[in-house]
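Below: the structure, in structure tokens.
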Amino acid sequence: MVDIRLTNTRTRKKEAFTPIDAHDVRMYLCGPTVYDRAHLGNARPVLVFDVLLRLLNHVYGADHVTYVRNFTDVDDKINAEAQRRKAAGSDLSLEDLIVERTDETIAWYHADMDALGAARPHHEPRATEYIAQMIAMIETLIANGNAYAADGHVLFDVRSFPEYGRLSGRSVDDMIAGARVEVAPFKRDPMDFVLWKPSDADLPGWDSPWGRGRPGWHIECSAMSEALLGQSFDIHGGGIDLQFPHHENEVAQSCCAHPKAEFARVWLHNEMLQVEGKKMSKSLGNFFTVRDLLDGGNPGEVIRFVMLSTHYRKPMDWTQAKADEARDIMWEWRKLTRDVQPAAQPDPRVVEAIANDLNTPGAIAVLHGLRDDPALLLASARFLGLLQQGDGDWMNADLQVLDSLAEYRGIDDVLAQIEARFDDIRAEAMQSKDFSRVDYLKSALTDAGLEVRMSKARVELILRPGTNQHRVVGIADELAS
RNA sequence: GGCGGGUUGGCGGAGAGGUUACGCACCGGAUUGCAAAUCCGUGAAGACCGGUUCGAUUCCGGUACCCGCCUCCA
């Protein structure tokens, strides 16, 4: 059995991982608010958890792991977009417009995460499907003396939970001293947070004991994780920015609703993403979505490679230079493993690296050492979700012939034709010692993007990413005439 | 103001209290008509100041700088 060690935010330590039930390992990842395309930062926790899922599947068996990731489809940004569409003259109701917006966003999200090679979770609950469970949990919290209704709202009373602040290492008093919290008049304590809030007629709402309203942001994850994973489960995670307030508040809600349960045993948080050394932001002009990168010619598995080449607990800097280097490496590995059957098991050192707090850079370093064993390289790379079947289309696209004539002949035939002719010309040059024609031909082929290898025995032409196949065909035709 | 993360060789990026990370780049050699590719090989690090230790880049304390959170945020 592989020993898994994970850094638990709750204890600030790297600990041996022991599931509550080895036959039913359960984890929950905070998913996206579905108001717009996923940006690059959204992809990081998804990929971290995807690697974790593969590890757990490997160790405990795929039938014994349950992975839940929610969609937050109750949110003011979604409401704003729906209201904008309504104002723009849509005939649909506000509710339908919200469904329309969230449905299309979820479809985008699926397409983008699929492109990165991330497996779909077993459950992808939408907040709107669990309103009843949220209301029930809020009622329990009120009954337990941890929440109170005031002015149409229901608030969580942070002073009723002595552990409040433990996950994020903050104290209520310190935070209040920071004086950055909005103090609504109906709050008993400035740090109290909303469990339920009233909705006007032009906002989506559900009937509740406190009137028509909608849930606060945090309660959904408490309610959905309980519904799908139980009151205690193994791993809960997300970006480090969620540590406070989102996860702190989840802990407060779930632990107070179920004082005898553990809620999440292990908390996993990934560090933030930067772009070219700076925070990704629209104002800096370095904000982009996963789709922007994919459409910009970065294959999904190349993006994945870049993401995995930095450990999840360190800030990750996205640069185009890294993406270019990753693309070259993936291209090499794809070539090495073409038509190769994967080994039955990944290299144990790769599994070991991942088991050691998801050390993806360490695992990639092992991969580099497997060039002489393509079958093992393939199996090990797939363990990380790289070199997966079907994901290599980007390379095939590069290898495919764009020119109709070349398509008819096949690029391999075209190259073979040039190679044969090149051999003759070179043989003549060897005799005459006049290499000018050889050099001219070589530079023409190199300029077209091919790699030209001249061994003693023969000339070999190798396709590279971005080879201009029109020019290659042109050269072939020129030589033939 | 409070809390947290980071700082490793030209660049990227890990582990480990003492022995080569690894990748890319560079340099040297083999090879080549010249190259490319390939193979072999060399060099290069741990922000700064203290402390613990036989020994620290790795542990502890402090300083500097960078980043993030405390408000919607992965």
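Computed from a predicted model, the values in this text were never measured in an experiment. A, B, ... follow the sequence lines: proteins, then strands. Residue 1 opens every chain.
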Taking only side-chain N and O atoms of [X], does any of them lie within less than 4.0 angstrom of OP1 or OP2 on [N]?
X        : N     : answer
A:Lys314 : B:C67 : no
A:Thr33  : B:A74 : yes
A:Lys322 : B:G13 : yes
A:Thr310 : B:G13 : yes

Touch check for [X], heavy atoms < 4.0 angstrom, all strands: base, sugar-phosphate only, or nothing?
X        : result
A:Phe244 : sugar-phosphate
A:Val438 : base
A:Thr446 : nothing
A:Ile462 : nothing
A:Arg170 : base

Check: Do A:Asn359 side-chain and B:G15 base share a donor-acceptor contact under 3.5 Å?
Finding: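 For A:Asn359, whose side chain was compared with the base of B:G15, there is no donor-acceptor pair (under 3.5 Å).
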Check: Considering only heavy atoms and no angle criterion, is a donor-acceptor pair shorter than 3.5 Å present between the side chain of A:His39 and the base of B:A74?
Finding: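 By the distance-only test, yes, there is a pair.
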In this structure, how many angstroms lie between the [atom2] atom of [N] and the [atom1] atom of [X], rounded?
X        : N     : atom1 : atom2 : value
A:Tyr312 : B:A74 : OH    : P     : 19 Å
A:Gln320 : B:C11 : CD    : P     : 20 Å
A:Phe287 : B:A74 : CZ    : P     : 10 Å

Next item on the list: Give a yes-or-no answer on whether the side chains of A:Glu220 and A:Thr72 include a donor-acceptor pair shorter than 3.5 Å.
Entry: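 The answer is yes; a qualifying pair exists.
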When you measure from the side chain of [X], which nucleotide among [options] comes out closest?
X        : options             : result
A:Ala365 : B:A21, B:A37, B:A74 : B:A21
A:Pro315 : B:A37, B:G5, B:A74  : B:G5
A:Glu325 : B:A37, B:C24, B:A14 : B:C24

Check: If you pin A:His246 and A:Pro361 to their nearest nucleotides in RNA chain B, which one's is more 5'?
Finding: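 Counting from the 5' end, the first nearest nucleotide belongs to A:Pro361.
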Next item on the list: Counting Watson-Crick and G-U wobble pairs only, both distances under 3.5 Å, name the nucleotide matched with B:A47, or none.
Entry: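 Because both required distances fall under 3.5 Å, B:A47 counts as paired with B:U63.
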Next item on the list: Using both distances under 3.5 Å as the test, list the Watson-Crick or G-U wobble partner of B:C69, or none.
Entry: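 Here B:C69 is engaged in a pair, and the nucleotide opposite it is B:G2.
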Next item on the list: Using atom types as modelled and distance alone, determine if a side-chain donor or acceptor of A:His236 lies under 3.5 Å from a backbone N or O of A:Trp267.
Entry: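 Checking the backbone N and O of A:Trp267 against the side chain of A:His236, no donor-acceptor pair under 3.5 Å is found.
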